[in-house]
Amino acid sequence: MTIRIRRNVNTTAGATALEWYARAVEVMLQRGPDDPTSWTYRAAVHGTGATTNPRFWDRCEHSSWQFLPWHRAYLASFEAMVAEAVAGLNGPQEWALPYWDYTADLATHPDARRLPAAFRDRQTPDGRPNVLHSARSTHSNGDFGLTDDVVSVRALEDTSFEPSRGEGFGGGPFPARGAIEGTPHNQIHRRIGGYMGAVDTAGLDPIFWLHHCNIDRLWEQWRALNPHVRHPDTAEWTTASYEMHDGFGRAFLFAARDMLSTEEVLHGYRYDDVPVAVEPPLTMGFMVEGPTSPPDLAGTSVGSIPLEGDVTTASVEVNLGQAGVGFVSRRRPDPEQVLLKLENVTGWGAPNDYQVYVHVPGGERHRAGVLTTFGIERASDPQRDHGGGSGLTEVLDITHLASVLGLTIDAPTPTFEVDFDRDALPPLADERPAAMPDGPPPVTEGSVTVGRIGLYVR
Amino acid sequence: MIGESSLAVGFSIAGPVWMRHAPAAFSFPIVSAIAAWAGLLALGSGGDLAALCFSEGTPTADIIALGLRVADFDWFWVGIIQLLMIFAMMAPLSMTASITLSARSYPADQLPLVAAFFAGYMAIWIGFGALVAAPLALFGTILPLLPAGPVIGALGCLLAALWHLSPLRSRLLARAHPRLLTSPTGDRAAAKSGTWGLVSGWHCLAPCAPTMLLVSIGGHDLTALLVTSAILWAERTRRRPRQIGAAILLCALGLLRLSALV
């Protein structure tokens with residue numbers, strides 16, 4: 001079987017793949033909602049408010065270390081179905097899903113962050129409804145305001161898949177979200193908005209698949225950068241099994257460990273700019289080294305914090321002395337690492353993201369990071385997942401701000417403040433996709449409450 | 001692409017490393033579970049725990065035909081066996097919550113807060129055990145000796161399998177093991193942790209207790225205990241446990257009980 005090559009949509013070969021993609025989407029849109037190979041069925045597998053097919057629908061994995069493997073299988077399943085449709089249209093037999101690399105260097109790829117042109121207009125040049133159009137936020141020629149922070153690939157710098165010194169590239173057991181899931185994944189979802197802004201509708205937007213294709217590519221890129229780093233060895237990660245459909249709509253079982261070789265996932269694929277990664281062999285080293293010890297709690301906010309209005313401020317009471325086994329007991333002047341954890345972030349709908357700033361009372365504000373809210377409603381719902389309902393957790397590394405906040409052993413500060421600035425997102429440009437006039441209305445409102453702010457040091 | 005593997009136990013082989021970093025979280029659940037299993041294995045070396053609960057040794061069909069009396073039971077051992085089974089099965093299920101609580105508490109508070117949580121969680125289960133100890137002892141003693149005993153025992157397993165596949169149980173399971181939403185720091189931290197333990201235990205009771213009861217009506221044997229524990233532990237590690245594996249195991253246990261007929 002030929003290994004499919006996934007290419008950048010902003011290349012000639014990628015543009016050709018996109019043309020066939022549009023024709024296949026048109027075919028899939030015409031299929032009934034009970035057909036596993038139909039457009040609406042595939043979107044419902046990711047998320048839906050409907051409860052009529054609990055075996056296959058509403059199955060997406062977010063806020064956990066299953067995020068990457070589950071979406072890899074989901075993407076391969078979709079790619080196989082589109083490829084079947086393309087083949088049925090007498091298109092190329094080796095068709096593969098193109099990816100949208102919004103992380104590319106603007107100096108050499110000036111349009112990298114613009115939504116590819118084929119997705120923008122309601123109608124095609126010949127006056128027909130454009131099947132690649134969707135309900136999205138207002139943009140200017142495909143520009144959704146994707147700043148450096150939104151498309152940052154700092155996640156690639158994390159040398160551990162699981163939480164260790166940071167979030168880990170891929171995350172940990174639910175609800176420990178990996179770095180790549182937060183940025184750029186979540187931020188891109190919220191910036192594009194409309195269907196993409198909420199888990200239950202995201203798969204209805206044709207750009208969803210090119211976005212996730214890029215996230216999947218970044219996973220391979222991270223593996224290429226860290227060829228000696230193994231994925232989790234726990235049965236909890238390797239063997240948790242899920243169901244998906246192949247290109248013909250036949251169900252199959254998979255687990256995370258089956259997703260570690262892209263050339264063996266269903267039909268097999270690879271990326272045009274990343275070598276195929278190989279899982280390194282198991283050594284005894286990890287038994288000796290083990291995961292880095294977790295940081296100690298050294299301060300908390302009091303009570304939950306509803307985020308209301310454009311800016312919400314909360315105080316964090318610092319108690320470095322309580323972090324007894326941390327840096328204080330080692331008599332280091334500065335902590336080795338300082339993390340701000342936004343814990344039990346609950347809410348409903350599709351609220352805006354929040355820029356997070358820290359400062360001493362009355363002092364200058366310093367940016368700590370972003371609180372992304374994609375998936376908040378699902379994580380806050382106690383009825384949907386075992387152990388769910390506790391919301392999201394956002395981890396922000398503020399080690400570089402330790403001294404300006406007075407988080408030192410010599411002059412510890414008694415309190416500092418955290419500001420949550422609501423991201424200003426543009427309004428919806430379109431309520432409904434051109435080719436799905438009866439589609440569900442996009443969710444545009446929501447609320448956020450931060451359960452607790454925790455300050456952790458080591 | 002793979003066979004059903006949802007019953008895989010989710011403990012890392014690197015577990016001892018984590019134990020070093022979060023000793024409070026592991027101390028109560030794991031130590032008490034190991035002690036309980038050791039006690040059960042020692043007491044039930046013949047595999048039949050019911051015999052221990054009977055004052056005159058292993059009950060026979062003749063004794064049962066004459067009518068069992070309450071005085072025939074050794075209620076001290078009934079209580080001990082029930083307690084050990086509760087700790088063996090349920091204590092490990094509190095570990096994830098203990099780790100969360102430990103990680104979100106000041107180092108000096110971790111041990112007392114985890115202890116308070118564990119006490120609350122187990123109090124619910126011990127209370128449940130006290131309520132069902134007597135009827136389970138009766139069932140566990142009498143049923144295996146009745147001609148229809150294996151069939152009833154197998155039927156219990158089948159019902160347990162159906163219970164695991166039911167949407168109601170899925171909903172109840174989703175509510176089990178909520179994560180603490182409020183801070184465990186401050187003056188009332190221990191009370192909050194204890195209350196959280198009670199709430200967690202209560203939510204855990206709804207999906208798990210019927211499974212335990214249905215499996216137990218066929219007898220108090222170590223095989224049933226092991227199967228039930230494996231199922232509950234495995235689904236504890238899953239965000240969306242697939243129940244087909246659990247149902248197959250429970251049906252296999254039912255078949256094992258039916259094999260007593262031949």
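Labels below follow one simple rule: chain letters A, B, ... track the order of the sequence lines, proteins then strands, and each chain is numbered from 1.
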Count the heavy atoms belonging to other residues, nucleotides or ligands that lie under 6.0 Å from CD of E317(A), then report whether that count exceeds 12. no
Does atom CH2 (W348(A)) have a neighbourhood of more than 12 heavy atoms from anything else shown, all under 6.0 Å? yes
Part of [X] lying under 4.5 Å from any heavy atom of chain B:
X       : result
E61(A)  : both
T449(A) : neither
R59(A)  : both

Can a donor-acceptor pair be found, under 3.5 Å and without considering hydrogens, that links the side chain of R104(B) to the backbone of L297(A)? no
Distance in Å, T96(B) OG1 paired with E236(A) CD, rounded so as to fall on 0.5 Å steps: 7.0 Å
Side-chain contact, heavy-atom cut-off 4.5 Å: N319(A) with Y106(B)? yes
